[in-house]
Amino acid sequence: MNFISYVVVIVIAALLVLDIRYLRVHGSDDCTGSCGSCHGSCKFQNDIRKAQKSIARKKKLKKILHLS
């Protein structure tokens, strides 16, 4: 192995350590996308409701203004 190979290995190791540290601090996101499995405790549930309301408002506005 030459000098460049050692540098690459060190960089990869440093990234691995930083990734593990990040996961320890922030945790991993275990959302499977199946909203029925969370039983109302999903942290994205409010965001989904806001998006649904926004889409409904836009559709209603388009319908009123006769836009396609």
Side-chain angles (χ1 to χ4, degrees):
M1 286 179 51
N2 57 14
F3 178 72
I4 299 297
S5 298
Y6 287 116
V7 170
V8 170
V9 169
I10 290 171
V11 168
I12 291 173
L15 290 173
L16 178 67
V17 168
L18 290 173
D19 187 41
I20 291 171
R21 182 172 174 234
Y22 176 85
L23 288 174
R24 283 185 147 187
V25 171
H26 297 286
S28 64
D29 186 17
D30 57 352
C31 182
T32 61
S34 174
C35 295
S37 65
C38 293
H39 307 292
S41 65
C42 180
K43 64 182 177 181
F44 300 112
Q45 189 173 12
N46 290 333
D47 294 336
I48 292 170
R49 283 190 196 136
K50 287 180 187 177
Q52 288 172 340
K53 286 180 182 179
S54 175
I55 291 169
R57 276 187 248 123
K58 287 178 184 178
K59 284 183 179 179
K60 191 179 225 181
L61 185 61
K62 284 182 179 182
K63 187 177 181 181
I64 291 171
L65 298 175
H66 302 291
L67 299 173
S68 57

**Prompt:** To which residues is Leu18 joined in a hydrophobic cluster, defined by side-chain heavy-atom contacts under 4.5 Å among Ile, Leu, Val, Met, Phe, Trp and Tyr, whether direct or through other members?
**Reply:** none
**Item:** Contacts of type side-chain hydrogen bond (donor to acceptor under 3.5 Å, both in side chains), residue Ser5, not counting sequence neighbours
**Value:** Asn2
**Prompt:** Taking only residues two or more places apart in sequence, or in another chain, which ones meet Val9 in a side-chain contact (heavy atoms from CB on, under 4.5 Å)?
**Reply:** Met1
**Prompt:** With respect to Ile55, which candidate in Lys58, Lys53, Lys59 satisfies the side chain to side chain contact (heavy atoms under 4.5 Å, CB included) definition?
**Reply:** Lys59
**Asked** Hydrophobic cluster mates of Phe3, side-chain heavy atoms under 4.5 angstrom, ILVMFWY only, any path?
**Response** Ile4, Val7, Val8, Val11, Ile12, Leu15
**Message:** Using the side-chain contact (heavy atoms from CB on, under 4.5 Å) criterion, which residues pair with Leu65? Sequence neighbours excluded.
**Reply:** Leu61, Leu67
